[in-house]
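Quick notes on the structure that follows.
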There are 2 protein chains.
Amino acid sequence: MSDDRWVPPTVLVAVDLVILTLRSSRLYVLLIERGIEPFQGALALPGGFLSHEKEDLVAAAHRELAEEAGLGPDQLHLEQLGFYGAPDRDPRGRVVSAAYLAIAPRLPEPVAGTDASGACWIPVTQALAGDAQLAFDHEQILSDGVDRAREKLERSALATAFCGPTFTIAELQDVYEAVWGMRLDPRNFYRKVQSVEGFIVPAGPTRKTEGGRPARLFRPGPRATLHPPMIRPRGQADKETA
Amino acid sequence: MSDDRWVPPTVLVAVDLVILTLRSSRLYVLLIERGIEPFQGALALPGGFLSHEKEDLVAAAHRELAEEAGLGPDQLHLEQLGFYGAPDRDPRGRVVSAAYLAIAPRLPEPVAGTDASGACWIPVTQALAGDAQLAFDHEQILSDGVDRAREKLERSALATAFCGPTFTIAELQDVYEAVWGMRLDPRNFYRKVQSVEGFIVPAGPTRKTEGGRPARLFRPGPRATLHPPMIRPRGQADKETA
DNA sequence: TAAATAGTGTCTGTAAGACACTATTGA
DNA sequence: TCAATAGTGTCTTACAGACACTATTTA
């Protein structure tokens, strides 16, 4: 602090992404097989360094989303997750990672039009099982991202980001069940979700089908935060949906 | 992406601290009057650059806490808040700030044994009023920190971090009222706070006094997360306690 | 018709909010 | 005694959870 010509150290800044989506009622994360050292061959979150000195962090996140997942800025939710800056987290040197959480709606097929051909959707339970061996501290980042998603489903309208522009209440329930890892009563869910002011609004008298009686369609409502919140039942954790 | 000898840009990493405490039933934040450009003379959050290449970010936060507020690592709560990395946030160049939220218990006097003599506790309402003109994007960081504290009081035992090792229920209520900016019914608060399993535990048959009947003392309980949560009444926001 | 999913009605237990009331101190 | 704060009891209302029941489709 009293040195004469001390200059602060510079570091590299990476942007890493936890991209979650729903596929066949399960929560998936997008992972990339690393083509270069370190951790060559291991799975890692999509991400990379800033491209140039003036690049905004959010812009970098969107750039990575486009490059590695083919996802445009319009079709997903993106929020800051946290920073990860342990001195030894990257063997190449001091790298501080700015992690973002992205939620993508159901997509037609795994990864369309992607640069990184090693990209693949992996069930979150599998990626966190321990045998996956993610690169760097990415298992921690992924774990934090999933925790964040679980929490935000309670107090925000984040669940609608997993759905398309319109959705049925059953589809929305599917999101809650997959992210929370537990089953919910459809009848109570139906009433509850509609009683939360501004969460979802009817999307025309339109309909849709998939086996039984056609369901009403809804759109995301005007409110981003839910009052009262959706309550996540406690006690019996992670009753996996087969 | 296809350049031959491209190297990623390096940036400076700063650690900034939102240090909150309670003084006479109001929420205060520790601010420093800047002695150098940029923003010389303006108020800013305590913080600074990493001291050396290998310094851990949490360690840097604790170092700043000691240097600028005289606060040791034992006597406070510290958690990650978020990162702030807009390209133009610091006129000196590209600086990404790792922001931490610190909660300090009631302290005897403003800032004891401090290097930076310009440090002072300012009421949060005043610091966020707009006329304070904090340096950089520190008003945003402070605002986010206060929001975070408000939220965490609902679901975590963070409120006890504002108190000393033992406290009365009235003192705990004081925390909630100051941070949430609203009054709560003492009788219902009394029952509610005790009904939350593991939030607070009786600290001996000891007592204390301050006007009326002596109050029982409590210590923080074993649980960091509260089930069921403390509910923040909605609707009437920010009824300031005079 | 049966099977399947969508949607409604209703009961019950828990808990939040309101508030009267008792308890224990200092002045 | 009163004023002040600590702590208890109880009523009312809201709502989560359980679950019987009706509605509308395909096979």
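Per chain, numbering begins at 1; letters A, B, ... match sequence-line order. Heavy atoms only: backbone and side chains are in, while hydrogens, waters and symmetry mates are out.
As a whole-Å value, the separation of A/L172 CG from C/dA6 P is 12 Å. Across the protein-nucleic acid pair, A/Q194 atom CD and C/dT8 atom P stand 7 Å apart, rounded to whole Å. Following rounding to the nearest Å, B/Y190 (OH) and C/dA20 (P) show an atom-to-atom distance of 20 Å. One atom, OH of B/Y176, and another, P of C/dG17, lie 13 Å apart when rounded to the nearest Å. In this structure, the CZ atom of B/F189 is 17 Å from the P atom of C/dA15, given to the nearest Å. For the pair B/Q173 CD and D/dG7 P, the interatomic distance rounds to 12 Å; values are reported in whole Å.
Taken residue by residue, residues 159-168 of chain B places no heavy atom nearer than 4.0 Å to DNA chain C.
Applying the side chain to side chain donor-acceptor pair (under 3.5 Å) test to pairs two or more places apart or on separate chains, those with a residue in residues 211-222 of chain A are A/Y190-A/R216. The stretch residues 193-212 of chain A participates, sequence neighbours left out, in no ring pair (Phe, Tyr, Trp, His ring centres under 6.0 Å) pair at all. Each salt bridge (charged side-chain N to carboxylate O under 4.0 Å, His left out) pair with one or both residues in residues 197-206 of chain A, not counting sequence neighbours, would appear here, but there are none.
Checked against salt bridge (charged side-chain N to carboxylate O under 4.0 Å, His left out), B/D144 has no partners two or more places apart in sequence or in another chain. A/F218 is linked by a ring pair (Phe, Tyr, Trp, His ring centres under 6.0 Å) to nothing, counting only residues two or more places apart in sequence or in another chain. Residues forming a side chain to side chain donor-acceptor pair (under 3.5 Å) with A/T160 (at least two apart in sequence, or on another chain): none. Evaluation of the side chain to side chain donor-acceptor pair (under 3.5 Å) rule for A/T21 yields no partner, not counting sequence neighbours. Not a single side chain to side chain donor-acceptor pair (under 3.5 Å) links B/H62 to another residue, sequence neighbours left out. Residues satisfying the side chain to side chain donor-acceptor pair (under 3.5 Å) criterion with B/R155, sequence neighbours excluded, are absent altogether.
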remark   = Once base and sugar-phosphate atoms are separated, protein heavy atoms under 4.0 Å mark nucleotides 9-18 of chain D, 5' to 3', with B, S and - as BB-----SBB
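Phosphate contact (OP1/OP2 of D/dT8, side-chain N/O of B/R216, threshold under 4.0 Å): present.
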Any protein N or O atoms within reach of nucleotides 25-27 of chain D? Criterion: under 3.5 Å, listing atom names and distances.
none

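Taking the six-membered ring for Trp and thresholds of 30 and 60 degrees, B/W180 and B/Y176 have ring planes more than 60 degrees apart, a perpendicular arrangement.
Here A/E79 pairs with A/R148 in a salt bridge; the nearest charged N to carboxylate O distance falls below 4.0 Å.
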